[in-house]
Amino acid sequence: MSPAPFDVARGSAFRPSDRTALAYVSRDGALALYNDYATHRSTLVHEPVLRGEDLEVRARWRGAAPGPRTVSVGGRVQGYGVFTFPYGPVAMGTAEAGAFDLVTYGERILELVPTVGYKDRGIEQAVVGRTVEDAALWVERRAGVFALAHVSAFLAAAEAAAGRSVPERELWRRALAQELQRIQAHLRLLARVADGASQNVGAAQVHALEEELLRAISRCFGHRWGFGALLPAHPSDRLDRNGRTELADRLGRISRGFNGLWETFLTSRTFIDRIQGTGTVPAAESVRWAAVGPTLRASSIAWDDRLRQPSVPYTDLFVPLATEANGDALARVLVRQEEIRASFLMLEQMLERWEGVGAGEVIPSPGIAPSRGIARVEAPNGDLVYDVTIADGRVASLQSRSPSEANWPVMALSLRGAVFTDFVFSLESFGSSFAETDG
Amino acid sequence: MTSWIRHSAARGILTSRYPDRAATDEELPEAGRTPTAHPEELARLSDGERSLCPTGAIREQAVDQGRCIRCERCFAFGLRPLGSPAMNVGTREELRESAGLADRRPTSVAPFGTSLHVFMIDVGSCHACNAEVLALGTPYYDLNRLGLFFTNSPRHADVLVVVGVPTPEMVEPLRRTYEAMPGPKAVLAVGACAIDRGIFADGPRTGSSVGEIVPVDLYVAGCPPPPVAILEGVLALAGRGATPEERR
Ligand code: SF4
Ligand code: SF4
């Protein structure tokens, strides 16, 4: 794919500003793209740019003030008969605390303005001064459903700061844990989209598979959401040979169950009709607003940290990369279901080849001088960045940029001109989490 | 549609036998149980060992189940996960004083019939507690079989389930949601965050507990509590709670 479709300025000068977010590489890997949030400009530059240390990832997105803030993607629409319909922060069902302003004249959504930050628990501030192991308990409780990705990124950043190299088998364990949670997160999203489309039986069946996966995770790590699983010296690691065989069996059953269900979903016209063409984000907008993860890949941009910034064990595995062209809710669902299969495939490879681990032993050694480390992992919702400074064996500063946070602007854009009933499909197909955004 | 029926039939009945039968290991994994030890063993712990607990839950005679976040650090010095789902449920006092071994029946606090409508509010969770509450509605737990239902409005709710640690911005919405409920009503605080702020107890934006904002009738301990424990909490509010012995 040539980089031509992107509506961006070309140039080679790139100055990181305070709000610079991310770099993306076009499919042939020749060009990288930077989004600058201070000026809303995007810049295409030639490779090589992604060279570990040289890559300055600045994650300071949020303003100085904690608490709620709106995600604005342009000036407010005004006019005769235009009014705002507020929703949240108390939501229906088991949804998270977050709010939306739906600007409308009654039939279509003219504009959607999400308000994030209701759940801002001040985690980034609170961990300052704590040891890495104590801070990790906070980090994994930032977004429990993505805990394993967050704690992996945090530990990797802390280890980079401390200059520690991590034993390979530990990296395998992190990858295994993350792929398990990725499948679970994608199943959950699929169930919620199906639920939105009143596919009650289908949704219930996917939820049942999710529950089976939670039980499998809990068998390996002693906790349904994997809290503590990747922390040093956590006691309940059952991934010995027997445990791995049992896990492989369970995964086989879940995988077969999923394949059968998915075929039925594809034959359900009501399901496909509701999400096809709904909540579309064109590739140029995805790039301009620095969307990440399945959202970006659903708009045909082939960026995935597991391939673009590979670390052990992904360097050693066959990692399939799913992309879709249309950028609609269906494309996002398709990308995720492909990724479910891809993760099953990777888990199969891992369980075959990996020798298992002993108890965790990765405690960054205390350094006197402050040192900084940056790590990125491909979380279920996309590129997750942790930027950690360690001084004296304690966290001196922590900044992060979560994939949920990155995807709110395009989520808001995707509903411009949509009818009210599209809201749920757009919201659920992006799958952004308020807890992950707010920190 | 017929193909969906085929799928369901092929999978058979998945639903838990709980509470008629004891919870299985699958339903109540170790991290869902209450870490504890005999009071004498607890009393023997050194201050150094006690201070390893990130939430200060380990006290002289008992482990404060309400504070504990199930990090399992204390396993290194002899505490072990014990108990049944009923052990996770109690008043604040019961959870604080319980060594996890006492025989107690969660108090039935509200004058409800057997059928209940439940509304959940998130005041600052990590989303895992939301997910465990949601799980109650899915085939493995299916709370409808027990005459318990989710509702989408506090105006139709008998029970308010609260998850998460209240951020300053959610204090007022929580209060107003409670006020919007018709009486008689009860509040179930689910998860360490909602009980006593969990890991966030000394955080910069998490200064108040749910119990200081609305009156809480029962608490469900865990981080997050497994679905069977949350189910036990709702049943207790319906006057159908069990003693730990009955559900062991
Ligand atoms: S599990 Fe963790 S929080 Fe609970 S008592 Fe043990 S050390 Fe404390
Ligand atoms: S109690 Fe634990 S699982 Fe529940 S919201 Fe708090 S941190 Fe998350």
Side-chain angles (χ1 to χ4, degrees), chain A residues 66-68 89-97 117-123 125-126 134 137-138 140-147 188 191 199 201-202 204-205 207-208 210-212 214-215 218-219 222-225 227-228 231 233-236 257 260-261 264 267-268 433-436 438, chain B residues 1 3-8 10-11 14 26 29-32 54 69-72 75-76 120-135 137-141 150 152-154 163-165 167-170 173-174 176-177 193 198-200 202-206 223-224 226:
Chain A
V90 179
M92 291 194 298
T94 54
E96 291 189 90
Y118 278 98
K119 297 173 72 162
D120 183 354
R121 291 146 290 168
I123 294 174
Q125 193 188 334
D134 281 352
L137 295 174
W138 290 68
E140 57 187 15
R141 283 164 181 79
R142 170 180 179 173
V145 287
F146 309 124
R188 162 180 246 32
Q199 299 286 302
V201 186
Q205 293 291 340
H207 271 306
E210 191 206 343
E211 175 70 22
E212 280 156 31
L214 285 173
R215 291 177 180 193
S218 145
R219 272 298 282 172
H223 192 286
R224 284 159 64 86
W225 304 91
F227 291 5
L231 300 188
H234 187 263
S236 28
L261 276 182
T264 311
T267 60
S268 165
S433 148
F434 282 108
E436 191 182 41
D438 299 349
Chain B
M1 190 61 218
S3 38
W4 285 126
I5 295 170
R6 197 159 41 75
H7 275 294
S8 305
R11 308 256 290 143
L14 304 173
E26 292 277 290
E30 285 198 352
I69 56 163
R70 273 67 178 169
C71 72
E72 306 191 353
F75 286 19
M120 194 209 84
I121 180 174
D122 168 4
V123 293
S125 73
C126 75
H127 201 163
C129 275
N130 310 44
E132 298 294 42
V133 173
L134 174 69
T138 64
Y140 269 96
Y141 300 99
F150 284 121
N152 276 331
S153 163
V163 298
V165 55
T167 61
E169 292 76 24
M170 290 310 291
L174 171 59
R176 281 170 54 189
T177 303
C193 283
I199 190 77
F200 303 108
D202 58 350
R205 304 193 85 245
T206 43
C223 184

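By the 4.5 Å heavy-atom criterion applied to side chains, E72(B) and H223(A) are not counted as neighbours. Residues R141(A) and C223(B) meet the side-chain proximity criterion, which asks for heavy atoms closer than 4.5 Å.
Using a distance-only test at 3.5 Å, with no hydrogens or angles considered, a donor-acceptor pair links the side chain of R205(B) to the main chain of D120(A). For K119(A) (side chain) and T167(B) (main-chain N/O), no donor-acceptor pair under 3.5 Å exists by modelled atom type.
For A131(B), the parts lying under 4.5 angstrom from a heavy atom of chain A are both the backbone and the side chain. No part of L174(B) comes within reach of chain A, as not one of its non-hydrogen atoms sits under 4.5 angstrom from that chain. At a 4.5 Å heavy-atom cutoff, E140(A) makes no contact with chain B through either its backbone or its side chain. Proximity to chain A is limited to the side chain of L14(B), based on heavy atoms less than 4.5 angstrom apart. Contacts between L261(A) and chain B at a heavy-atom distance below 4.5 Å involve backbone atoms as well as side-chain atoms. Contacts between I121(B) and chain A at a heavy-atom distance below 4.5 Å involve the side chain alone, from C-beta outward. Both the backbone and the side chain of Y118(A) have a heavy atom closer than 4.5 Å to some heavy atom of chain B. Neither the backbone nor the side chain of A191(A) comes within contact range of chain B, judged by heavy atoms closer than 4.5 Å. Heavy atoms of S125(B) lying under 4.5 Å from chain A belong to its backbone as well as its side chain. With a threshold of 4.5 angstrom between heavy atoms, R224(A) approaches chain B through side-chain atoms but not through N, CA, C or O. At a 4.5 Å heavy-atom cutoff, the contact between A91(A) and chain B is made by backbone atoms alone.
Here the closest heavy-atom approach between residue M170(B) and residue A97(A) is recorded as CE-CB, 3.8 Å. Residue G124(B) comes nearest to R121(A) through the heavy atom pair O-CD, 3.4 Å, listed as atom of the first residue, atom of the second, then distance. A208(A) and P139(B) make their closest contact through CB-CG, 4.3 Å (heavy atoms, listed as atom of the first residue, atom of the second, distance). Contact record, V90(A) with P173(B): CG2-CB, 3.7 Å, taken as the closest heavy-atom pair.
With Y140(B) as reference, E212(A) is the one residue of E212(A), E210(A), H207(A), E211(A) to meet the side chain to side chain donor-acceptor pair (under 3.5 Å) rule.
The residue among L134(B), V123(B), T177(B) with the most heavy atom pairs within less than 4.5 Å of chain A is L134(B).
Among residues two or more places apart in sequence or in another chain, the side chain to side chain contact (heavy atoms under 4.5 Å, CB included) test is passed with A126(A) by W138(A), P204(B).
From D134(A), atom CG reaches atom CD1 of I199(B) across 7.0 Å, with rounding to the nearest 0.5 Å.
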